[in-house]
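Every chain is numbered from 1, with letters handed out A, B, ... down the list of sequences.
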Number of protein chains: 2
Amino acid sequence: MKNKALQEQRIRGYFIEATKEILKSEGLKSVSVRNIAEKAGYSFATLYNYFKDAKDLVFLCVQDFQEECNVYVTTRTAKAARGEKKLRAILLAWLEYFVQYPGIFELFFMEKLSDLNKQPDTAPMITGFLDKLCEGEWKYLIAHKTVSSAVAANKKAALLYGLSGLLLLYINRQTPSGYPAFLKAANTFIDSQLKEITT
Amino acid sequence: MKNKALQEQRIRGYFIEATKEILKSEGLKSVSVRNIAEKAGYSFATLYNYFKDAKDLVFLCVQDFQEECNVYVTTRTAKAARGEKKLRAILLAWLEYFVQYPGIFELFFMEKLSDLNKQPDTAPMITGFLDKLCEGEWKYLIAHKTVSSAVAANKKAALLYGLSGLLLLYINRQTPSGYPAFLKAANTFIDSQLKEITT
DNA sequence: TTTGAAATTTGAACAGTGTTCATTATTTTT
DNA sequence: AAAAATAATGAACACTGTTCAAATTTCAAA
């Protein structure tokens with residue numbers, strides 16, 4: 001009887017959906033066992049029948065948000081010219097997504113991982129996500145001899161560090177202050193990292 | 001009668017010292033009103049006679065930790081040759097300090113600021129701190145015409161973003177995994193940012 | 001359909017948080 | 001020494017997470 005498994009998966013889905021809603025609207029601070037359960041339509045105690053704890057649940061949202069971000073970025077960069085132009089567009093769209101949903105940035109980069117975390121190793125999934133989004137363009141640039149793969153590796157890392165840090169400071173420390181200043185800083189940083197690539 | 005003010009300042013100091021101890025050893029997660037008060041030798045309720053709340057208290061530690069970090073960096077970079085060499089040493093020592101005290105990194109970069117925060121604007125104090133540490137060397141490099149002040153401004157920002165992001169990923173997401181890999185990543189990033197400066 | 005066992009859902013209970021405030025204790029002034 | 005001002009405190013309340021025995025529901029067998 002697979003009905004059992006199906007129903008169980010559905011209920012898990014209700015909890016995950018509730019958690020995602022809270023994360024996107026109120027942010028991580030409002031994620032509580034009782035909060036999630038109420039939105040899911042169950043008692044808080046029921047959550048423990050399906051998940052180890054709320055932290056477990058929260059990290060199960062990462063995949064869904066990455067897919068959402070992937071769609072966000074892909075649709076917004078579809079018409080950009082391949083190569084450097086599109087790479088820049090992807091980076092900016094990635095930033096935009098987290099500025100729009102700071103709670104998701106919190107989850108991805110700030111929430112402490114539980115000691116023995118999920119089966120799909122969450123940390124590499126998160127840190128590798130930007131690379132995955134940019135993968136195609138880097139391959140394109142390397143194939144067209146615009147950059148060597150060694151230089152590309154360095155630039156990938158520099159962009160990940162720099163843009164994560166920029167988001168961290170903007171979201172948590174209001175630096176730069178105001179979205180226009182943030183965008184300017186982002187563009188300046190990306191310019192400086194990609195300047196040797198400009199054909 | 002200024003005895004009153006002196007004694008009051010002393011008691012505030014006990015609370016601040018207790019908070020600093022907890023932050024350095026157990027980290028932000030262990031900072032609680034009752035925890036701090038016990039270490040300070042007072043009841044938890046007394047804390048509210050001297051501070052708005054524990055968050056207030058926690059951000060009052062920032063200045064002290066910055067001074068400590070300043071000493072840490074200064075002593076470790078005293079004998080470096082002025083200019084690019086010393087700049088690199090400062091950046092690495094700054095990273096080292098936060099790797100050694102991840103709880104302080106948490107406080108500086110991850111803890112949410114209370115809505116109406118301190119009189120000394122905490123956010124700019126934190127985001128401007130690395131620049132302050134490097135100020136002398138950038139001035140030196142600019143004076144010796146190694147870089148223009150415009151380029152220097154860009155590089156300062158890029159280093160702040162990149163190194164903050166690197167720390168964030170290393171401390172929270174084990175990426176890179178292991179201190180040697182972290183150091184390698186840090187050096188590679190710094191190299192790429194300073195490469196045009198090398199004389 | 002009724003019964004009974006297995007599975008699921010649940011709220012009570014406990015130990016932790018932060019915060020307020022009336023009561024107690026101390027210090028200072030008279 | 002008595003009175004007034006000041007400071008310290010614990011009880012109380014509303015939240016957290018978590019466990020577990022009890023209540024409820026499900027469902028196959030009679």
Taking atom [atom2] of [N] as reference, at what distance in whole Å does atom [atom1] of [X] sit?
X: A/Tyr42; N: D/dT24; atom1: OH; atom2: P; value: 18 Å
X: A/Phe51; N: C/dT8; atom1: CZ; atom2: C1'; value: 15 Å
X: B/Asn49; N: C/dT23; atom1: CG; atom2: P; value: 17 Å
X: B/Ile11; N: C/dT27; atom1: CD1; atom2: C1'; value: 12 Å
X: A/Ile22; N: D/dT16; atom1: CD1; atom2: C1'; value: 14 Å
X: A/Tyr14; N: C/dT9; atom1: OH; atom2: P; value: 11 Å
X: A/Glu38; N: D/dT16; atom1: CD; atom2: C1'; value: 15 Å
X: A/Gln7; N: C/dA6; atom1: CD; atom2: P; value: 20 Å

At 4.0 Å (heavy atoms only), tell me whether A/Leu47 reaches a base, stays on the sugar-phosphate, or touches nothing. nothing
Looking at every strand, decide which applies to B/Phe44 at a 4.0 Å heavy-atom threshold: base, sugar-phosphate, or nothing.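 Here B/Phe44 touches the bases of the nucleic acid.
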Find which nucleotide of DNA chain C each of B/Ala45 and A/Tyr50 is nearest to by heavy atoms, and output the residue with the more 5' nucleotide.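 It is A/Tyr50 whose nearest nucleotide is closer to the 5' end.
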Give the table of side-chain donor-acceptor pairs shorter than 3.5 Å for residues 9-18 of chain A, with sequence neighbours excluded, one pair per line with atom names and distance.
unit_1	atom_1	unit_2	atom_2	d
A/Arg12	NH1	A/Tyr50	O	2.7

Residue pairs, two or more places apart or on separate chains, that pass salt bridge (charged side-chain N to carboxylate O under 4.0 Å, His left out) and touch residues 167-181 of chain B: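 Sorted pair list comes back empty.
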Please lay out, stage by stage, how B/Glu68 and B/Gln63 fare under the test side-chain hydrogen bond (donor to acceptor under 3.5 Å, both in side chains). CA-CA 9 Å; B/Glu68 186 185 87; B/Gln63 281 137 311; over 6 Å; no
According to ring pair (Phe, Tyr, Trp, His ring centres under 6.0 Å), who are the partners of B/Tyr97, at least two apart in sequence or on a separate chain? B/Tyr72, B/Tyr101
Please list, chain by chain and in numerical order, all residues satisfying ring pair (Phe, Tyr, Trp, His ring centres under 6.0 Å) with A/Phe108, sequence neighbours excluded. A/Phe98
Minimum heavy-atom separation for A/Val73 to A/Trp94, with atom names?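 A/Val73 and A/Trp94 have their closest heavy atoms at CG2-N, 3.8 Å.
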What is the minimum heavy-atom distance between B/Leu47 and B/Ala54, and which atoms define it?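 Here B/Leu47 and B/Ala54 meet closest at CD2-N, 4.3 Å.
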Looking at D/dA8, I'd like to know if its phosphate oxygens (OP1 or OP2) sit under 4.0 Å from a side-chain N or O belonging to B/Ser43.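 The answer is no; no side-chain N or O of B/Ser43 sits under 4.0 Å from OP1 or OP2.
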Any side-chain heavy atom of A/Leu163 within less than 4.5 Å of one from A/Ile190?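 In contact.
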Report, as yes or no, whether the 6.0 Å neighbourhood of atom NZ on B/Lys145 holds more than 12 heavy atoms from other residues, nucleotides or ligands.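 Check fails, neighbour count at 12 or below.
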Double-helix bend of the helix from C/dT1-D/dA30 to C/dT30-D/dA1, axes at both ends from 5 pairs, round to 10°, gives 30°
Expected rows: protein N/O vs nucleotides 16-18 of chain C N/O, under 3.5 Å:
unit_1	atom_1	unit_2	atom_2	d
C/dG18	OP1	B/Val33	N	3.2
C/dG18	OP2	B/Val33	N	3.1
C/dG18	N7	B/Arg34	NH1	2.7
C/dG18	O6	B/Arg34	NH2	3.2

